[in-house]
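Notes for the one structure printed next.
In each ligand, atom 1 is the first atom listed, and ligand 1 is the first ligand listed. Hydrogens, waters and symmetry mates are skipped; everything else that's a heavy atom, side chains included, is used.
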Amino acid sequence: MSNENKHTRRRRTAAVQAGVGQDTSYKAVMPPLYLSSTYKIEGIDKRQPYEYSRTSNPTRDILADALNELEEGVGACVTSSGMAALTLILHLLEPDDLVLAPFDCYGRSFWLVRALAEKKHFRLQFIDQYDESKLDEAFSEAPAMVLMETPSNPVMRIADIEAISKRAHKHGALVVVDNTFLSPMLQQPLKLGADIVWHSNTKFLNGHSDVVGGSVIAKDQKVLDELKLWNNSLGTIGAPFDSYQTLRGLRTLELRVHRAQENAEQIAAFLDGHDKVGKVYYPGLKTHPGHKIAARQQDGFGAMISFELSGSAADTAKLVEVLDLFCLAQSLGGTESLINHPASMTHVSMGAEARAKAGVTDQLLRLSIGIEHIDDLIDDLSQALDQV
Ligand SMILES: *Cc1c(COP(=O)(O)O)cnc(C)c1O
């Protein structure tokens, strides 16, 4: 497909058609998996696009092109994990550069930026991106990079990508958005003004809980070239087999995300009306403080819900054990529904103090809603809530 009409087809079509019918060797309809680490060079002055698989690999490139088309950037790097994607992005920074990061981001992202700042890779300030008055102060120090994660993990705060990008660009700062929670089917940060988007491909993009991977998509060619150089040099690249699996998962992304979201909307309403449930965090609820921004900047409210029981920590522990369908496990975005206890699982690396500030209480539970039948999911939650 020519470059001019790369961004003209709809997202579902782009995901389904990625690499289809483009095999140059045997005209295989589905793109083959190239595992070879190295490629034959015909002569010193007769070079082909592929020589060594760390630098580039045909299977990985098809996934990169697909993700780039979905996010509407200029190109993408595929990495070995979401954390490798963030590692790559942080290598754009110089020691004097200031990074603004959300105080309530994913626990391992929080740990990584804090640890690298302590090693003087860059300067760091954790900020509250949801409070306009605090942003003035943070931006007065001329940041070089602003990290965003919206909806935030796990309490689903919504940050305004367009407004923060405008502020950041006045200072020439790059805006970087972790789009893992929604996927490009529900949010396209580059179109809202961000410069770089990254994903844990492990989650919705692959969607079948059988790959750990990541990706970075850039809007500017110079930034992309620098990211590609670091991906090759750090060796943070994704494996061809993982790319092949992720490409397969990606083809049904739109169907999965929409079915999971439909389920999530009903579950959020069910939990919100249940007398044993305290707070429910779901941007689709009109009472959610970020509802209006989410409605404007997202193409849907997603499939992630957090909630607190009105009872004790012991009730929380009991609930996760008596659930039958909802498996207690880390991760999210798969076809199967999962439940997670952030304080002891995904957000343990933040430490108790940062958790308290971010609102990650011991009673908080996070649900990743899958694509099972809605009645079975609600029956399961209902029977479990009856037992606590
Ligand atoms: C899982 C996750 C990551 C990290 O990705 P890995 O693939 O586990 O390395 C980063 N951000 C968010 C929001 C995540 O959910």
Query raised in the report: Can you say whether the rings of Phe270 and His274 are parallel (under 30°), tilted (30 to 60°) or perpendicular (over 60°)?
Result: perpendicular
Query - Arg54 and Asn231: side chain donor to acceptor below 3.5 Å - result: no
Query raised in the report: Do Asn57 and Tyr52 have side-chain atoms, one donor and one acceptor, less than 3.5 Å apart?
Result: no
**Report entry** Closest non-hydrogen atom pair between Asp131 and Ser133, with its separation
**Finding:** OD1-OG, 2.7 Å
Requested in this report: Heavy-atom contacts with Gly213 under 4.0 Å: which atoms of ligand 1 show up? List them by number with element.
Outcome: 7 (O)
Report summary line: Of Gln188, Arg11, Gln187, His199, the one forming a side-chain hydrogen bond (donor to acceptor under 3.5 Å, both in side chains) with Glu71 is His199
Report summary line: The answer for which part of Leu332 has a heavy atom under 4.0 Å from ligand 1 is side chain
**Report entry** Heteroatom distance test (Phe181, ligand 1): nitrogen or oxygen, under 3.5 angstrom
**Finding:** no
Query raised in the report: Under 3.5 Å between some N or O of ligand 1 and some N or O of Glu149?
Result: no
Report summary line: If you scan protein heavy atoms around atom 8 (O) of ligand 1, the nearest is Ser200 OG, 4.1 Å
Query raised in the report: Please state which protein non-hydrogen atom is closest to atom 2 (C) of ligand 1 and give its distance, to 0.1 Å?
Result: Lys203 NZ, 2.5 Å
Query raised in the report: Heavy atom under 4.0 Å from ligand 1: found in Phe204's side chain, backbone, both, or neither?
Result: neither
**Report entry** Nearest protein heavy atom with distance in Å, relative to atom 13 (C) of ligand 1
**Finding:** Asp178 OD2, 3.3 Å
Query - Interfacing atoms of ligand 1 (cut-off 4.0 Å, heavy-atom, Ser81) - result: 7 (O), 9 (O)
Requested in this report: Check the side chains of Asn201 and Thr246 for a donor-acceptor pair under 3.5 angstrom, ignoring hydrogens and angles.
Outcome: no
Requested in this report: Would you tell me whether Asp61 and Tyr50 have side-chain atoms, one donor and one acceptor, within less than 3.5 Å of each other?
Outcome: yes
Report task. Under 4.0 Å from a heavy atom of Trp198: give me the atoms of ligand 1 that qualify, with their elements. Result -> 10 (C), 11 (N)
Query raised in the report: Which protein non-hydrogen atom lies closest to atom 4 (C) of ligand 1, naming both residue and atom, and how far is it?
Result: Tyr106 CE2, 3.5 Å
Query raised in the report: Between Phe301 and His288, does the ring centroid distance fall short of 6.0 Å?
Result: no
Report summary line: Nearest non-hydrogen contact to atom 9 (O) of ligand 1 from the set Arg108, Met83, Gln330 belongs to Met83
